[in-house]
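Each chain gets a letter, A, B and so on, in the order the sequences are listed, and its residues count up from 1. As the structure is a prediction and not an experimental result, all values here were calculated from the model.
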Amino acid sequence: MKMSKLYMPTLREVPSEAELPSHKYLLRAGMIRKLVSGVYSYLPLGYRVMKKIENIVREEMDNIGSQELLMSAIQPSELWKESGRWDDFGPEMFKLKDRHEREFCLGPTHEEIFTDLIKDELKSYKQLPLNLYQIQTKYRDEKRPRFGLMRCREFIMKDAYTFDMDEEGMTESYRDMWRAYENIFTRCGLDFRVVEGDSGAMGGSDSHEFMAMSVVGESEIAYCGDCDYAATDEKAICEYKIEVSDSKELEKEKVSTPNIKTIEELTEFFNIPSENFVKTLIYQGKDEVLAVLIPGNRELNEVKLLKHLAIPEHELELADEETIKRVTGANVGFAGPIAISDEVRVIVDKRVTNMKNFIVGGNETDYHIKNVNYNRDFHGEIVEDLLLVREGDKCPKCGSSLKMDRGNEVGNIFQLGTKYSDALNATYLDKNGKAQKIYMGSHGVGISRTMAAIIEQYHDDKGIIWPLSVAPYHAVVTVINAKKEDQMELGEKLYKELSSKGIEVLIDDRKERAGVKFTDAELIGIPIRIAVGRKANENIVEFVIRGEGEKIEIKSEEVLGKVKEVFKSQGLDI
RNA sequence: CGGGGUGUAGCGCAGUUUGGUAGCGCAUCUGGUUUGGGACCAGAGGGUCGCGGGUUCAAAUCCUGCCACCCCGACCA
């Protein structure tokens, strides 16, 4: 491809909206442009990278016997109503109506549609297992789209669905998928970690997330340095323990705490560590107000609370000021379990019941109550674990100390069980002619997000450094002075030679100065650069690997061999 | 959705406090000189100042309603 013809609008300046390196460089390198918040156009270079990633995914899916097909992005509401997710998905779903007022949505995921596709025609155990996938545009009306391709409202995803006879088969398909994903992300050059995930809105049991590590990653994970335990912060079991205290229960006492609201202020005011306080968080649930009590030195894990309540995420939020005032009779910051309004459902983390003589809000502005004890002073629903893990907590598997890290979720695998086959009545006949539920799995790879995640791991202050496996072009022949015939001639000769060997090459034939060509090549991250300049007449060119800095002068005949070496060093054949 | 902020040329911004006919840098176009790390000179084009309403002789600037976008928080591939 001649760069003089390539539509590659690079930017010298950083658009003010971009924060993350991946977002900045995707824009600056002319790979994407924003249409509206969370919706992007992929320009030629960006789209080439996308297709590279898609093809890696395709090859690995095909390797485990998954078959590609393509579904519509538009889906009728009926199937979603059958599974109950029309409401569960909530405001995250883009909904629309046709001219007959019939309801549709733009698919955020395709469990229902795949199940519906197979259920009438897959009738015998002889047809199982079945593994199908598609690479397609997905729509989710995110609360807050951000970070360029990292969190979009329209994004490209590979979603695979597995259909098995029983749990054992499902687990086997799950393992196949796991292996395929490890291959995919390894081939993309990513430093990633597999962690236990929460199944969330998808439903089902076992799930794992593939996290591309990044200091600015959106997800937090907890992992153990001594064993293989790793989980998202929301999923991680919190082994924090409070032993039953045998100290004597003291007389409870109201204390004036003028304008002292936060745990931090309270520890200072009382000069008592935060472990001796109990936090009361007021939530608005579905048609009810909740008071959630947890130890004062810990944070609540909302996902665990959602699970306990068995409601979707969008039906739970922190109560507003007005509600807090109504149920506690006090300003925000003085909520407690004692004498709280009867309408409130009180939920208590088990650890609180082991504590003695703790301090809670007084449900009266500017007052707290000390020497409070569970059972004697208040009651509630006891829940085993509502806490968010924290660095240093005990590993639930081996007891060693947990560490925290950040990453971006680029893939996940779910064991769905029979949730969708139950809802949509998808059955097969077993050997005995008896109808059985199909066991399903659902497996996603965020293709566009993977593209961003790769840049997060592969960039420097000059731009992107693509791994060869996903680079939009493998090499660029930079003709230093396009007006000099000998340079153009040698450049074109190299371009043709490399292209004929299956190497994807750009030739920078633009009437620009050398500096412009170099900076652009670095910005768009082409792995190999061959500069043809003054020594063209001696058949000498300059060879540089992006990100490695060391320039060497070689004979033009040696170029092909050098290029092959670079491919080999990245584990690729050409 | 809550909190904070921003909308002025393709991009990055100044001008708004104190109303007076819209500016800078980069990019673009033309001509020339230059040519191994984002060149220089000369000239040119490009803006409903986010949108609507109001105040005023006069509004980018003041008032008001709306919209969009970004950042921080809670969710996901």
Using the C1' atom as the reference point in each nucleotide, state the distance between B:U56 and B:C62 in Å, no decimals. 10 Å
Describe, in one word, how the ring planes of A:Y40 and A:H23 are oriented to each other, choosing from parallel (under 30°), tilted (30 to 60°) and perpendicular (over 60°). perpendicular
Closer than 4.0 Å, any side-chain N/O of A:R146 to the OP1 or OP2 of B:G73? yes
Send over the distance from A:M93 CE to B:A77 P, rounded to a whole Å. 15 Å
If B:U33 has a Watson-Crick or G-U wobble mate with both distances under 3.5 Å, name it; if not, just say none. B:A39
Take atom C1' in B:U34 and the same atom in B:C41, then report the distance between them in whole Å. 11 Å
Quick one: label A:E17 by what it contacts on the DNA or RNA (base, sugar-phosphate, nothing), any heavy atom closer than 4.0 Å. sugar-phosphate
Closer than 4.0 angstrom, basic N to acidic O: yes or no for A:K484 and A:D486? no
Find which nucleotide of RNA chain B each of A:M157 and A:S16 is nearest to by heavy atoms, and output the residue with the more 5' nucleotide. A:S16
Quick one: look up who B:C49 pairs with, Watson-Crick or G-U, both distances under 3.5 Å, and put none if it's unpaired. none
Using the rule given for side chain to side chain donor-acceptor pair (under 3.5 Å), can you reason through A:T109 versus A:E111, listing the C-alpha separation, both sets of side-chain angles and the distance that settles it, and then say yes or no? CA-CA 6 Å; A:T109 175; A:E111 281 79 7; 2.7 Å; yes
Take atom NZ of A:K483 and atom P of B:U35, then tell me their distance rounded to the nearest Å. 10 Å
Strictly below 4.0 Å: does A:R144 bring a side-chain N or O up to OP1 or OP2 of B:C72? yes
I need the CD-P distance between A:E315 and B:C1, as an integer number of Å. 17 Å
Can you check the A:E13 CD to B:U28 P distance for me, whole Å? 13 Å
With rounding to whole Å, what would you report as the distance between B:G3 and B:G54 at their P atoms? 30 Å
May I ask you to say what A:E302 touches in the nucleic acid, namely base, sugar-phosphate or nothing, with a heavy-atom cut-off under 4.0 Å? sugar-phosphate
Ranking B:A77, B:U34, B:A74 by distance to the side chain of A:R140, first place goes to B:A77
For B:C26 versus B:C40, give the span between their P atoms, rounded off to a whole number of Å. 7 Å
In whole angstrom, give the distance that lies between atom CE of A:M150 and atom C1' of B:C70. 17 Å
Closest to the A:F147 side chain: B:C75, B:C71, B:A77? B:C71
Categorize A:K34 for me: base, sugar-phosphate, or nothing, with a 4.0 angstrom heavy-atom threshold over every strand shown. sugar-phosphate
Distance check, C1' atoms only: B:G46 and B:G10, in whole angstrom units. 10 Å
Parallel under 30°, tilted from 30 to 60°, perpendicular over 60°: which one fits the rings of A:H208 and A:W178? tilted
Expressed in whole Å, how much space separates the P atoms belonging to B:G32 and B:G7? 42 Å
Please determine, for B:G19, whether a Watson-Crick or G-U wobble partner exists with both distances under 3.5 Å, and give it or none. none
Residues passing the side chain to side chain contact (heavy atoms under 4.5 Å, CB included) test with A:K279, sequence neighbours excluded, are A:I263, A:I294, A:E299
Under a 4.0 Å heavy-atom criterion, the protein footprint on nucleotides 36-42 of chain B, written with B, S and -, is BBBB---
How far, in whole Å, is B:U28 from B:C66 if one measures between their C1' atoms? 35 Å
Under-4.0 Å salt bridge between A:E154 and A:K138: no
Look at all strands and tell whether A:E92 reaches a base, only sugar-phosphate, or nothing, counting heavy atoms closer than 4.0 Å. sugar-phosphate
Is there a donor N/O on one and an acceptor N/O on the other, under 3.5 Å, for the side chain of A:R449 and the base of B:C76? yes
Calculate the interatomic distance between A:K143 atom NZ and B:G3 atom C1'; express it in whole Å. 15 Å
Quantified in whole Å, what is the P atom distance between nucleotide B:U21 and nucleotide B:U64? 25 Å
Geometric class of the A:F210/A:F185 ring pair [parallel <30°, tilted 30-60°, perpendicular >60°]: tilted
In whole Å, I'd like the distance from the CD atom of A:E234 to the P atom of B:C75. 5 Å
Report the distance from atom CG of A:D233 to atom P of B:A74, rounded to the nearest whole Å. 9 Å
Can you tell me the pairing partner of B:C1 across any strand shown, Watson-Crick or G-U wobble, with both distances under 3.5 angstrom? B:G73
Partner nucleotide of B:U28 by Watson-Crick or wobble geometry (both distances under 3.5 Å): B:A44
Test: A:R187 and A:E60 ion pair at under 4.0 Å: yes
Strand partner of B:A68, provided both Watson-Crick or wobble distances fall under 3.5 Å: B:U6
Donor-acceptor pair under 3.5 Å, A:R151 side chain vs B:C75 base: yes
Side chains of A:K95 and A:W86 in contact at under 4.5 Å (non-hydrogen atoms): yes
Anything under 30° is parallel, anything over 60° is perpendicular, the rest tilted; go ahead and classify A:W80 against A:F89. perpendicular
Identified pairing partner of B:A60, criterion: Watson-Crick or G-U wobble below 3.5 Å: none
